[in-house]
A.B. asks: 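Just dropping this structure here.
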Amino acid sequence: MTDAATLARAHELADDADRRAGIRTRDARPDELAGALARFDATWGVGRTVDLASLTAIAHAGNTVLVAVPEPGGAHATGELAAPGDPPLGAALGFLGWAGGLHVHSHMNAVDPRARGRGVGVALKLRQRAICLDHGIDEVRWTYDPLIRRNARMNLVRLGAEVIAYHPDFYGELRDAISGGDRSDRFEVRWRLASPRVGRALERMPQPDWRAEGRLLLVADFEAVRASDPRAAAALRDASREAFTALADGRVRPELDGNGDYVFTADDPDRER
């Protein structure tokens, strides 16, 4: 079980993230589930996420279905973004899994585009972490597109998650509002909620200088390349697939260096320097 000090600090960090973003993150009420679904649909496209009946059942079973709502007088004055009846500024969905050990799979985390860059997505993750620790769950996993640098930075550096697997075409053909016709290659990450690595990341301490046994440079904005030049994006995807074959045996894993590029390292993920 997680000790009382770690639990208390988890809630403090979540509350601090809320204050910085000018929001309040919490479990979605039953009457807010349709709004949470609307936020997911606005991000990925109608019919590309879950349906309301499924979301209701998932929430009723006690899984993490969270919303981020404006805090009146919040630090960033986000209240003007949401009118009564509008979807929440952010929503997150996670559910229990036990493949490879009991964990929560954090499936979706969506933020109103007008509120991005304010830390709403991080606040939802930190609230999810606190709730999981309250219930004796010390690991959260999710997937992300390894070529999107801002997501890699949030997951590996800001939150302290670590890559545990590479899954080419994990979701098959998506054709959603984000991915278009791109291949659904994904990194799976593990967030060990009470680990030294995560503790240092959440306290904003410097990450180690990882010893590199290979590298992959990332473009600054892969999503922009994908939208403007699909052929160039496909070539980058092909190059990444070739580079990520180095991860197949599990001996090395990708981390981000100070430039925001991948380094492949066999270092202990909990090392301090």
Side-chain angles (χ1 to χ4, degrees), residues 25 27-61 63-69 81-82 85-97 99 103-117 120-125 127-128 140-152 154-155 161 165-189 191 221-230 233-234 236-237 240-241:
T25 54
D27 289 311
R29 300 189 302 259
D31 64 339
E32 293 175 314
L33 293 175
L37 179 58
R39 176 55 57 216
F40 296 143
D41 286 348
T43 302
W44 286 282
V46 176
R48 300 292 182 177
T49 57
V50 295
D51 57 56
L52 183 57
S54 298
L55 190 62
T56 299
I58 291 167
H60 180 75
N63 289 284
T64 53
V65 181
L66 309 180
V67 292
V69 296
L81 297 177
D86 279 359
L89 294 175
L93 165 62
F95 44 82
L96 278 173
H103 64 280
V104 162
H105 180 81
S106 185
H107 184 49
M108 289 186 287
N109 191 334
V111 177
D112 186 326
R114 297 170 297 172
R116 287 177 188 164
V120 176
V122 169
L124 284 163
K125 285 288 192 188
R127 186 63 61 194
Q128 188 177 54
V140 176
R141 301 179 199 166
W142 63 89
T143 65
Y144 79 94
D145 186 332
L147 297 188
I148 300 179
R149 177 182 271 174
R150 60 182 173 82
N151 288 350
M154 184 179 92
N155 293 334
Y166 170 58
H167 302 292
D169 275 325
F170 184 63
Y171 295 109
E173 187 176 14
L174 290 174
R175 294 285 175 184
D176 59 29
I178 293 178
S179 303
D182 192 12
R183 286 164 287 183
S184 60
D185 298 354
R186 295 293 184 267
F187 276 163
E188 182 179 4
V189 299
W191 200 22
D221 190 344
F222 177 75
E223 292 166 298
V225 174
R226 184 165 58 193
S228 64
D229 192 343
L236 291 169
R237 183 72 67 189
S240 74
R241 283 188 164 188

A.B. asks: With no hydrogens and no angle check, is any side-chain donor or acceptor of Arg149 less than 3.5 Å from a backbone partner on Phe222?
C.D. replies: no
A.B. asks: Give the minimum heavy-atom separation between Val69 and Pro88, together with the two atoms involved.
C.D. replies: CG1-CB, 4.4 Å
A.B. asks: Is the shortest heavy-atom distance from the side chain of Arg241 to the side chain of Tyr166 under 4.5 Å?
C.D. replies: yes
A.B. asks: Could I get the full list of ring pair (Phe, Tyr, Trp, His ring centres under 6.0 Å) partners for His167, not counting sequence neighbours?
C.D. replies: Phe170
A.B. asks: If we only count heavy atoms from C-beta on, is the Val50 to Met108 side-chain gap below 4.5 Å?
C.D. replies: yes
A.B. asks: Report the relative orientation of the aromatic rings in His105 and Phe95; use parallel for angles under 30°, tilted for 30 to 60°, perpendicular for over 60°.
C.D. replies: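 Taking Phe95 first and then His105, their aromatic rings sit tilted (interplane angle of 30° to 60°).
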A.B. asks: Do Asp185 side-chain atoms and Asp169 backbone N/O form a donor-acceptor pair below 3.5 Å?
C.D. replies: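 Side chain of Asp185 to backbone of Asp169: a pair is present.
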A.B. asks: Is there a donor-acceptor contact under 3.5 Å linking the side chains of Thr25 and Arg127?
C.D. replies: yes
A.B. asks: Strictly distance-based, threshold 3.5 Å: is any side-chain N or O of Arg39 a donor or acceptor partner for the main-chain N or O of Ala110?
C.D. replies: no
A.B. asks: Heavy atoms only: give me the nearest Leu55-Ala36 pair and the separation to one decimal.
C.D. replies: CD2-CB, 4.4 Å
A.B. asks: How long is the span from the CE atom in Met154 to the NZ atom in Lys125, to the nearest 0.5 Å?
C.D. replies: 6.0 Å
A.B. asks: Parallel under 30°, tilted from 30 to 60°, perpendicular over 60°: which one fits the rings of Trp44 and Phe40?
C.D. replies: tilted
A.B. asks: Nearest heavy-atom pair of Leu37 and Leu52: which atoms, and what distance?
C.D. replies: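 Minimum heavy-atom contact is CD2-N, 3.6 Å.
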A.B. asks: Let's go through Phe187 and Asn155 carefully: what are the C-alpha distance in whole Å and the side-chain angles of both, what is the deciding distance for side-chain contact (heavy atoms from CB on, under 4.5 Å) to 0.1 Å, and is it a yes or a no?
C.D. replies: CA-CA 11 Å; Phe187 276 163; Asn155 293 334; over 6 Å; no
A.B. asks: With rounding to the nearest 0.5 Å, note down the distance linking CG in Leu93 to CG in Leu124.
C.D. replies: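 Here the rounded value is 11.5 Å.
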A.B. asks: Strictly below 4.0 Å, N to O, side chains only: are Asp112 and Arg114 in salt-bridge contact?
C.D. replies: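 Yes.
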A.B. asks: Quick one: closest heavy-atom pair of Val67 and Ala28, and the distance?
C.D. replies: CG1-CB, 3.7 Å
A.B. asks: Give a yes or no answer on whether the side chain of Asn63 reaches the backbone of Leu96 with a donor-acceptor pair at less than 3.5 Å.
C.D. replies: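 Yes, the answer is positive, given that a donor and an acceptor are paired below the 3.5 Å cut-off.
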A.B. asks: Within a strict 4.5 Å, meaning less than it, do heavy atoms of the Arg237 and Asp145 side chains meet?
C.D. replies: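 Yes, close enough: below the 4.5 Å cut-off.
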A.B. asks: Working to the nearest 0.5 Å, report the span between CG of Leu147 and CZ of Arg186.
C.D. replies: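 Reported value, rounded in 0.5 Å steps: 9.5 Å.
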A.B. asks: Ignoring hydrogens, what is the shortest heavy-atom contact between Ala68 and Val120? Give both atom names and the distance.
C.D. replies: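 Residues Ala68 and Val120, closest heavy atoms: CB-CG1, 3.8 Å.
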